[in-house]
Visitor: 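Sharing a structure here in structure tokens format.
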Number of protein chains: 2
Amino acid sequence: MKEDTYLPYPQTAEISLCDVLAALGDELRLAIVGQLAVEPLGLVCGEFNCLTSKTNLTYHVAKLREAGVVHVQPEGTRRRLFLRVDDLQSRFPGLLDSIVKEAAAARQAAVEAGG
Amino acid sequence: MKEDTYLPYPQTAEISLCDVLAALGDELRLAIVGQLAVEPLGLVCGEFNCLTSKTNLTYHVAKLREAGVVHVQPEGTRRRLFLRVDDLQSRFPGLLDSIVKEAAAARQAAVEAGG
DNA sequence: CTCATTGTCCAAAATTTTTTGAACTAATGA
DNA sequence: TCATTAGTTCAAAAAATTTTGGACAATGAG
């Protein structure tokens, strides 16, 4: 596992709205973003509550990273993900907020329904 | 062409964030929404500046309608589309605003670049 | 060093989405 | 009535996305 010169992600100005929307238009990835939003210290791949294989998670994380939604920081053998909150807010003001708010509401509703 | 009992679309409360994001995560559909946003009287399919076949447009319009992004009103042999601005604003406050703002900025930039 | 843990990479398989074309319906206008 | 316009439907083809599995690399613990 190389420690750098990889995990490319777009600079703030290059983030494409369409790519971001496409990246978030998937249940698994939207759930990841929902979890990340309440974790200012980021999360490591293994910490996501998602029922999928490591291989597949790698794939979805790459989608989020390539779209500019998350930043991935190698940490030993792990990968810590951070939501690019400030970058997204400056690029598309209000967008992430509204999405995260709804994601939180949805999770709350799920808990109340006894999930 | 039947005049009613078709063109089903989700009620406001049923609109899924993920479906909306997936619907907008496509260049053609995002462009349609961008155009609709500045047309309070809606637009008829033929009025979109999109280089695609009628058949394909039917397909993409259905995606937007099924996701709850647009309302489609039969008007004789035409179909007039309206952005569901209020429904989306009440369901996901701020979301559409931020998207439309960016879509407008992108079109402006395209014009200035001499498109 | 050796093992277990984390996650990557690659290629194939499975699935979904998008595009196409031909045939068709409904409304409109001459 | 007949032709034109606007859009739909269906099925097939094409393309893109997602999922899987096997082999692998790097780190950290013992």
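The chains referred to below are lettered A, B, ... by the order of the sequence lines, with proteins before strands, and numbering in each begins at 1. Remember, predicted model here, so these are calculated numbers, not experimental data.
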Visitor: Determine whether a donor-acceptor pair (one donor, one acceptor, N or O, separation below 3.5 Å) exists between the side chain of A:Thr77 and the base of D:dT27.
Guide: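 Donor-acceptor pair under 3.5 Å: no.
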Visitor: Taking atom types as modelled, find out whether A:Glu112 and A:Gln108 have a side-chain donor-acceptor pair closer than 3.5 angstrom.
Guide: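 Present: a donor and an acceptor within the cut-off.
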Visitor: Measure up the A:His71 and A:Phe82 rings against each other and bin them: parallel (under 30°), tilted (30 to 60°), perpendicular (over 60°).
Guide: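 Because their plane-to-plane angle lies in the 30° to 60° range, the rings of A:His71 and A:Phe82 count as tilted.
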Visitor: Are any of A:Arg79's side-chain N or O atoms less than 4.0 Å away from OP1 or OP2 of C:dG7?
Guide: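 Indeed not, no polar side-chain atom of A:Arg79 lies that close.
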Visitor: Search all heavy atoms of B:Cys45 against all heavy atoms of B:Val61 and return the closest pair with its distance.
Guide: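 For B:Cys45 versus B:Val61, the nearest heavy atoms are SG-CG2, 4.4 Å.
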Visitor: Specify the separation, in whole Å, of atom CG of B:Asn56 and atom C1' of D:dG7.
Guide: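 Atom CG in B:Asn56 sits about 13 Å away from atom C1' in D:dG7.
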Visitor: Quickly work out the A:Arg65 CZ to C:dC9 C1' distance and round it to whole Å.
Guide: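 Rounding to the nearest Å, CZ of A:Arg65 and C1' of C:dC9 are 13 Å apart.
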Visitor: Listed in order of residue number, which residues of residues 20-47 of chain B have a non-hydrogen atom at under 4.0 Å from DNA chain C?
Guide: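 Here the set is B:Asp26, B:Arg29.
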Visitor: Calculate the interatomic distance between B:Tyr59 atom OH and D:dA13 atom P; express it in whole Å.
Guide: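 So the OH-P distance, B:Tyr59 to D:dA13, works out to 18 Å.
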Visitor: Within the 4.0 Å limit for protein heavy atoms, which parts of nucleotides 10-16 of chain C are touched? Write it as a string from 5' to 3', B for base, S for sugar-phosphate only, - for none.
Guide: B------
Visitor: Look at atom CD of B:Glu14 and say whether more than 12 heavy atoms of other residues, nucleotides or ligands are closer to it than 6.0 Å.
Guide: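 Enclosed: over 12 neighbouring heavy atoms sit under 6.0 Å from CD of B:Glu14.
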Visitor: Can you name the nearest heavy-atom pair linking A:Leu28 to A:Cys50, along with the distance?
Guide: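 Distance-wise, the nearest heavy atoms are CD1-CB, 3.2 Å.
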Visitor: How would you list, by chain and number, every residue that makes a side-chain hydrogen bond (donor to acceptor under 3.5 Å, both in side chains) with B:Thr52, sequence neighbours excluded?
Guide: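 B:Asn56.
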Visitor: For D:dT5 and B:Lys54 - does any side-chain N or O of the residue sit under 4.0 Å from the phosphate oxygens OP1/OP2?
Guide: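 Checking B:Lys54 against D:dT5: no side-chain N or O falls below 4.0 Å of OP1 or OP2.
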Visitor: Work out which heavy atom in A:Gln35 is nearest to a heavy atom in A:Asn49; give both atom names and the distance.
Guide: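 Answer, listing the atom of A:Gln35 first, then A:Asn49: NE2-N, 3.0 Å.
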Visitor: Whole Å only: how far is the CG atom of A:Leu81 from the P atom of C:dT6?
Guide: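 For the pair A:Leu81 CG and C:dT6 P, the rounded distance is 15 Å.
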Visitor: Could you state the CD-C1' distance from B:Glu66 to C:dT18, rounded to the nearest angstrom?
Guide: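 The answer, rounded to whole Å, is 14 Å.
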Visitor: Atom CD of B:Gln73 to atom C1' of D:dA6: distance rounded to whole Å?
Guide: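 For the pair B:Gln73 CD and D:dA6 C1', the rounded distance is 16 Å.
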Visitor: Distance check: side-chain N/O of B:His60 vs OP1/OP2 of C:dT17, anything under 4.0 Å?
Guide: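 For C:dT17, OP1/OP2 do not have a side-chain N/O of B:His60 under 4.0 Å.
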Visitor: Side chain of A:Arg78 only, heavy atoms from C-beta on: which candidate in C:dT6, C:dT18, D:dT18 is closest?
Guide: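 Of the candidates, C:dT6 comes closest.
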Visitor: Just one of B:Leu30, B:Val20, B:Leu88 clears the side-chain contact (heavy atoms from CB on, under 4.5 Å) bar with B:Ile99, so which one?
Guide: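 Exactly one pass, corresponding to B:Leu30.
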Visitor: From CG of A:Leu57 over to P of D:dT20, roughly how many Å is that when rounded to an integer?
Guide: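 To the nearest whole Å, that distance equals 13 Å.
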Visitor: Please tell me whether B:Arg29 and B:His60 have a donor and an acceptor in their side chains that are separated by less than 3.5 angstrom.
Guide: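 Yes, B:His60 and B:Arg29 have a side-chain donor paired with an acceptor closer than 3.5 Å.
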